[in-house]
Participant: 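Submitted below is the structure of interest, expressed as structure tokens.
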Amino acid sequence: MKVYNSEISDIFNKVADLLEINGSNQFRIRAYREAAGLVTNQSRQIQDMIEDDEDLTKLPGIGDDLAAKMKEIVETGELKQLKELEKKLPIELTQLLDIEGLGPKRVAKLYQQLDIQSMSDLKQSLEKGEIKDLEGFGEKTQKNIKQALKEYHERGQERTYLKVAEEQVQPLIQYLKEIPQVKEVEAAGSYRRKKETIGDIDILATSSDKELVIKKFTKYDQIDKIVSQGETKSTVKLRTGMQVDLRVVDPNSYGAALLYFTGSKHHNIELRNLAIKNNWKVNEYGVFDKKDKQIAGQTEEGIYDLFDAQYIPPELREARGEIDAARQNQLPKLITLKDLKGDLQMHTTDSDGRYSLEKMVEAAKEMEHQYIAITDHSAYMGITQGLDEKGVEEQIEKIKKLNEKMDSFQILSGIEVDVMEDGSLDLADETLSKLDIVLCSVHTKFNLPRKEQTARVIKAISHPAVNILSHPTTRIINEREPIDIDLEKIFQTAKEKQVAIEINAHPSRLDINDRQAKEAKNRGVKIAISTDAHRAEELHNLQYGIYQARRGWLEPVDVIIA
DNA sequence: GCCGTTTTCGGCCCGACTGTTTTCAGTCG
């Protein structure tokens with residue numbers, strides 16, 4: 001039986017939720033949550049680590065108890081402790097915690113006094129209007145819970161693509177910049193860390209007249225609702241449903257506040273713990289010594305400097321070893337968009353692209369690319385009207401003629417060939433051998449069992465003609481789960497066969513992801529970053545692939561850049 | 001439940017805003 005890391009972290013989170021509703025020791029609860037987060041962020045499967053007899057207590061925050069519990073989950077698929085807790089408290093209570101404004105204390109009270117166990121119980125009680133009479137609750141709180149429950153059902157759980165968030169952040173930043181009293185303004189949070197999806201937007205501004213800035217912020221014309229408004233902080237909901245938090249601080253706290261609101265939370269905690277060892281205190285206003293004197297805080301650089309660390313780019317601030325690396329002067333020199341000289345995957349009207357070969361070439365030249373690969377689909381995928389052997393040869397000729405007219409720019413003849421169910425490729429070997437570059441990818445049979453799916457992909461990339469494995473997991477963010485494959489084995493084969501692994505730069509794919517990219521790098525696998533553009537405008541998506549690569553610690557040397 | 005140049009107990013990151021209170025608990029990030 002396969003037990004995934006996500007199942008282990010789900011169980012730990014449920015234990016933490018129930019313990020919290022039960023009023024247990026908060027630090028014990030935190031230990032479970034930390035463990036859940038650690039397991040989620042682990043690039044290796046815990047099950048594999050246990051099978052390899054690795055010592056799980058070497059992981060930070062994991063002691064004998066939690067290590068034994070992970071082992072129990074891997075071996076039995078469940079955790080006795082959770083079963084015991086469920087006898088005392090209904091498990092549905094944990095869902096109530098997802099409603100904004102409902103934390104463990106209130107959920108416990110609703111359960112104890114009104115026997116509210118589920119969303120539907122809550123809805124009924126709200127309709128009866130009996131919640132306002134509980135001690136510590138009131139008219140306003142009841143109304144807020146009612147609204148939050150409604151929004152919970154409307155919004156679902158989806159996070160927004162980075163690109164979609166950018167479209168909302170940029171004009172808002174511009175609006176804030178135009179307020180004369182605003183000195184600096186920057187979007188922080190997961191947006192600044194360039195995470196593939198964004199939950200809400202955190203904006204930081206500095207000003208000597210904070211209240212005025214908050215006031216003007218709440219007048220932004222895209223705001224649907226003001227959730228909260230204080231002297232230095234306000235939360236609003238935009239018409240799009242996106243939540244935006246603005247925090248205004250004094251200019252001399254800019255660096256500390258930017259650091260704080262950029263996160264990640266775990267990165268901050270690591271820094272704070274480091275500060276404690278030096279008898280310092282870190283908060284959003286600065287770093288303070290024992291006498292409460294500010295010793296850093298104006299700039300992020302100054303703060304990292306105080307910790308004897310290199311400046312850590314936001315993309316790396318995920319508590320994945322970046323602080324240690326920065327203190328040993330060993331941070332990677334992250335790849336930038338400028339390092340990339342071309343694009344290795346795009347489509348034209350010869351398959352499912354919307355633009356002609358000539359148009360795509362024109363657009364790529366305008367972007368100052370030095371080369372591109374034209375990689376239309378192979379014929380197998382009926383809906384994409386892909387190329388068969390004859391079609392490929394015709395396109396090769398067409399590209400050859402076009403290349404003759406170019407000075408320094410180069411067009412590579414390529415293909416995105418389908419991987420069949422048995423791992424064979426959708427074009428004859430002879431045809432594939434005539435191409436400059438061959439990408440292979442899975443577009444069908446997403447549900448094969450792990451062993452078969454892995455064998456299928458390994459067979460495909462073992463084909464001597466293949467250069468790149470495109471969108472390896474086939475996931476589409478918020479839409480399609482990744483296929484079940486053993487990426488470690490695939491990376492191993494990729495290295496042996498000198499096949500590159502793609503970071504597909506499409507904002508909804510970003511496949512492989514940041515952690516997987518880091519793992520690939522560690523295993524010595526080359527990465528290709530390409531847009532998979534189906535229209536000329538999409539060539540600009542390369543930036544999102546670069547963000548993901550940076551989050552995966554990639555340097556120019558790890559990537560096919562020219 | 002974890003952890004240790006304060007090592008086997010006693011700590012564990014820190015502050016803003018709201019609503020219900022009348023000094024603060026609860027929630028959020």
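This structure is a prediction, so every number in the text was calculated from the model and none was measured. Chain identifiers are assigned alphabetically (A, B, ...) following the order of the sequence lines, protein sequences preceding nucleic acid strands; residue numbering begins at 1 within each chain.
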Participant: Extract, from 5' to 3' on DNA chain B, the first and final nucleotides lying under 4.0 angstrom from some heavy atom of chain A.
Facilitator: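 From 5' to 3', the first and last contacting nucleotides are B:dG1 to B:dG29.
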Participant: Heavy atoms only, 4.0 Å cut-off, all strands: where does A:Tyr260 land among base, sugar-phosphate and nothing?
Facilitator: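 Since a base atom lies under 4.0 Å of A:Tyr260, the category is base.
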Participant: Could you check which nucleotide pairs with B:dT8 in any of the strands shown, counting Watson-Crick or G-U wobble with both distances under 3.5 Å?
Facilitator: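 Base partner found: none.
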Participant: Work out how far the P atom of B:dT6 is from that of B:dC12, and round it to whole angstrom.
Facilitator: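 Going atom to atom, P in each nucleotide, I get 15 Å.
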Participant: Could you tell me whether A:Lys281 contacts a base, only the sugar-phosphate backbone, or nothing, with contacts defined as non-hydrogen atoms closer than 4.0 Å?
Facilitator: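 If one applies the 4.0 Å heavy-atom cut-off, A:Lys281 turns out to touch the sugar-phosphate alone, with no base involved.
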Participant: Do NZ/NE/NH1/NH2 and the carboxylate oxygens of A:Glu196 and A:Arg475 come within less than 4.0 Å?
Facilitator: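 Between A:Arg475 and A:Glu196 there is a salt bridge, with a charged N closer than 4.0 Å to a carboxylate O.
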Participant: Which pairs count as side chain to side chain donor-acceptor pair (under 3.5 Å) when at least one residue sits in residues 323-332 of chain A, sequence neighbours excluded?
Facilitator: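 As it turns out, the side chain to side chain donor-acceptor pair (under 3.5 Å) pairs with a partner in residues 323-332 of chain A, which skip direct neighbours, are A:Gln310-A:Asn329.
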Participant: Please measure how far the C1' atom in B:dC2 lies from the corresponding atom in B:dT7, and state the result in whole Å.
Facilitator: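 Rounded to whole Å, the distance is 13 Å.
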Participant: By the 4.0 Å heavy-atom rule, please label A:Gln26 as base, sugar-phosphate, or nothing.
Facilitator: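 Answer is nothing: A:Gln26 stays at 4.0 Å or more from every strand.
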Participant: Check this for me, if you would: do A:Glu318 and A:Arg515 make a salt bridge, where the nitrogen-to-carboxylate-oxygen distance has to be below 4.0 angstrom?
Facilitator: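 Salt bridge flag = no for A:Arg515 with A:Glu318.
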Participant: Do A:Lys265 and A:Glu270 sit within salt-bridge range, that is, some charged N less than 4.0 Å from a carboxylate O?
Facilitator: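 No, no charged N to carboxylate O under 4.0 Å.
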Participant: Answer with base, sugar-phosphate or nothing: what part of the nucleic acid does A:Asn25 contact at a heavy-atom distance below 4.0 Å?
Facilitator: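 Base, at least one base heavy atom under 4.0 Å.
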Participant: Quantified in whole Å, what is the P atom distance between nucleotide B:dC13 and nucleotide B:dG4?
Facilitator: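 Taking atom P in both B:dC13 and B:dG4, they lie 14 Å apart.
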Participant: Going by side chain to side chain donor-acceptor pair (under 3.5 Å), name the pairs with one or both residues in residues 215-228 of chain A, residues two or more places apart or in two chains.
Facilitator: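 As it turns out, the side chain to side chain donor-acceptor pair (under 3.5 Å) pairs with a partner in residues 215-228 of chain A, which skip direct neighbours, are A:Glu151-A:Lys225.
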Participant: Please determine if A:Glu300 and A:Arg317 form a salt bridge, counting it only when a charged side-chain N lies under 4.0 Å from a carboxylate O.
Facilitator: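 Counted as a salt bridge, because a side-chain N and a carboxylate O are separated by less than 4.0 Å.
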Participant: For B:dG11 and B:dT27, measure between their C1' atoms and round to the nearest Å.
Facilitator: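 Roughly 24 Å separates the two C1' atoms.
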Participant: Answer with base, sugar-phosphate or nothing: what part of the nucleic acid does A:Thr235 contact at a heavy-atom distance below 4.0 Å?
Facilitator: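 Since no nucleic acid heavy atom lies under 4.0 Å of A:Thr235, the category is nothing.
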Participant: Please work out if A:Lys132 contacts a base, only the sugar-phosphate, or nothing of the nucleic acid, heavy-atom cut-off 4.0 Å.
Facilitator: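 If one applies the 4.0 Å heavy-atom cut-off, A:Lys132 turns out to touch nothing in the nucleic acid.
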Participant: Within the structure shown, what part of the strands sits under 4.0 Å from A:Glu34 by heavy-atom distance: base, sugar-phosphate, or nothing?
Facilitator: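 Nothing: the residue A:Glu34, judged by heavy atoms under 4.0 Å, touches no strand.
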Participant: Taking the nucleotide of DNA chain B with the closest heavy atom to each, which residue, A:Asn279 or A:Pro104, is nearer the 5' end?
Facilitator: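 Of the two residues, A:Asn279 wins.
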Participant: Does a side-chain N-to-carboxylate-O contact under 4.0 Å join A:Lys128 and A:Asp133?
Facilitator: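 Here A:Lys128 does not pair with A:Asp133 in a salt bridge, since their nearest N and O are not under 4.0 Å apart.
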Participant: Determine the contact category for A:Glu135: base if any of its heavy atoms lies under 4.0 Å from a base atom, sugar-phosphate if only primed atoms, P, OP1 or OP2 are that close, otherwise nothing.
Facilitator: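 Here A:Glu135 touches no strand at all.
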Participant: In whole Å, measure the gap between the P atoms of B:dC14 and B:dT8 for me.
Facilitator: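 That atom pair is separated by 23 Å.
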Participant: Check every strand shown and say whether A:Ile276 touches a base, only sugar-phosphate, or nothing at a heavy-atom separation below 4.0 Å.
Facilitator: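 Sugar-phosphate only.
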Participant: For B:dT23 and B:dC17, measure between their C1' atoms and round to the nearest Å.
Facilitator: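 Here B:dT23 and B:dC17 have their C1' atoms 16 Å from each other.
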Participant: With a 4.0 Å cut-off on heavy atoms, is A:Gln243 in touch with a base, just the backbone sugar-phosphate, or nothing at all?
Facilitator: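 Sugar-phosphate, no base atom in range.
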Participant: Using a 4.0 Å heavy-atom cut-off, does A:Leu271 contact any base of the nucleic acid, only the sugar-phosphate backbone, or nothing at all?
Facilitator: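 Touches nothing.
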Participant: Which residue, A:Gln229 or A:Asp202, contacts DNA chain B at a nucleotide closer to its 5' end, judged by nearest heavy atom?
Facilitator: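 Between the two, 5'-proximity favours A:Gln229.
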Participant: Between B:dT20 and B:dA25, how far is it from one P atom to the other, in whole Å?
Facilitator: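 My reading of the P atoms in B:dT20 and B:dA25 gives 16 Å.
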Participant: For the residue pair A:Tyr32 / A:Gln81, report whether a side-chain donor-acceptor contact shorter than 3.5 Å exists.
Facilitator: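 Result is yes, a qualifying pair exists.
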Participant: Please report the distance separating the P of B:dG26 from the corresponding atom of B:dT21, rounded so that it comes out in whole Å.
Facilitator: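 Rounded to whole Å, the distance is 12 Å.
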